[in-house]
Amino acid sequence: MPAMLPSASNAPLFLHLAGSLAFVAIAGRGIGWALDAWVRRAPDAAAAPPGPEPVPEAPQSGARIR
């Protein structure tokens with residue numbers, strides 16, 4: 001007569017899933033705080049030095065390039 005196996009439980013699967021979701025939530029919160037701090041440290045656009053002058057375009061000859 002074969003031995004009867006106990007019914008499989010899904011408890012370890014659900015515990016692992018809950019732990020993984022908690023880890024992802026905590027990591028996401030930490031990344032959000034880091035990005036927020038990084039953005040707050042960025043210099044103001046008004047206080048930033050002006051960018052380089054735009055390069056003038058070359059004069060057009062009117063000839064069509066094929």
Side-chain angles (χ1 to χ4, degrees):
M1 180 165 178
M4 304 248 336
L5 296 175
S7 62
S9 173
N10 287 330
L13 174 66
F14 291 136
L15 287 174
H16 182 73
L17 184 62
S20 298
L21 288 175
F23 176 78
V24 168
I26 292 169
R29 178 63 62 150
I31 291 170
W33 283 340
L35 287 174
D36 186 47
W38 182 51
V39 168
R40 288 178 191 268
R41 287 185 48 130
D44 243 352
E53 293 292 323
V55 178
E57 292 185 23
Q60 298 294 321
S61 67
R64 295 181 69 179
I65 300 172
R66 294 183 183 212

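Sequential numbering from 1 along the given sequence is applied to the chain's residues. Since the structure is predicted, the reported quantities are computational estimates derived from the model, not experimental observations. Atom set for the values below is all heavy atoms of this structure, side chains included, hydrogens, waters and symmetry mates excluded.
Residue pairs that meet the salt bridge (charged side-chain N to carboxylate O under 4.0 Å, His left out) test with at least one member in residues 9-32, sequence neighbours left out, do not exist here. Identified under the salt bridge (charged side-chain N to carboxylate O under 4.0 Å, His left out) test for residues 14-26, with sequence neighbours left out: none.
Hydrophobic cluster membership of Val24, counting Ile, Leu, Val, Met, Phe, Trp and Tyr whose side-chain heavy atoms lie under 4.5 Å apart directly or via other members: none, as it forms a cluster of its own. Hydrophobic clustering, defined by side-chain heavy atoms of Ile, Leu, Val, Met, Phe, Trp and Tyr closer than 4.5 Å, groups Leu35 together with Ile31, Trp38. Side-chain contacts under 4.5 Å among hydrophobic residues (ILVMFWY), followed directly or transitively, place Leu17 together with Leu21.
Scanning for side-chain hydrogen bond (donor to acceptor under 3.5 Å, both in side chains) contacts around Asp36 gives Arg40, with sequence neighbours left out.
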